[in-house]
Amino acid sequence: SGMSWEHIRIMVIIVGITVVITFGLAKPISAYQMGESYARNMGVNVKVLRIALILLSSLLSACVTAFAGPISFVGIAVPHLIKLATHTAKPIILIPGCFLGGFCDGIARTVFAPTEISISSVTAVFLVPVVIAAMLRKQRM
């Protein structure tokens, strides 16, 4: 609420540029997932990559939070859901999957239309079990 097309335009520009840069880093990210020494051997400047990833993820998180408001658990659970569903950790698949995986807002807006329920309620129903399962699985290991 309270958003104008000017706000949307600014958000699209910021997110679009950041996503393009992130896709450009898909190969170094894949190398980094194999381990720091592997990434270094492949010619990746690990220190610069870490700083870039922190800045990009911070920018995306800040932009989405500033324009859409805080959405509990979505940023934490959706990547894990997509990773479990696709059985891969490749950024080229995970990044678009995470964009498509954030479906809770659509559910919150349409299920009880014309009344909207809180997106936090919808995310809690769908994603709290995922977080609990991930915590239990981690505990067993």
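Quick caveat, the model's predicted, so the values are computed rather than measured.
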Side chains of P96 and F23 in contact at under 4.5 Å (non-hydrogen atoms): yes
Residues joined to L56 in its hydrophobic cluster, side chain to side chain under 4.5 Å directly or through other members, sorted by chain and number, are I13, I17, I21, L25, I29, Y32, V44, V46, L49, L53
Looking only at heavy atoms, the pair that brings A26 and I92 closest together is CB-CD1, 4.3 Å
Residue pairs meeting side chain to side chain donor-acceptor pair (under 3.5 Å), one or both in residues 7-27, sequence neighbours left out, come to S4-H7, E6-R9
Y38 meets the side chain to side chain contact (heavy atoms under 4.5 Å, CB included) criterion, sequence neighbours left out, with A31, M34, M42
Those residues at least two apart in sequence (or on a different chain) that pass side chain to side chain contact (heavy atoms under 4.5 Å, CB included) with V12 are I8
Which of V20, L59, L60 passes side-chain contact (heavy atoms from CB on, under 4.5 Å) with V15? Answer is L60
Across all chains, not counting sequence neighbours, the side chain to side chain contact (heavy atoms under 4.5 Å, CB included) partners of N45 are K47, V48
Worked verdict on K83 versus L94 for side-chain contact (heavy atoms from CB on, under 4.5 Å): CA-CA 7 Å; K83 191 186 284 188; L94 283 181; 4.0 Å; yes
Between the CD1 atom in I93 and the NZ atom in K90, the distance rounded to the nearest 0.5 Å is 6.0 Å
Sequence neighbours excluded, the answer for side-chain hydrogen bond (donor to acceptor under 3.5 Å, both in side chains) partners of Q33 is none
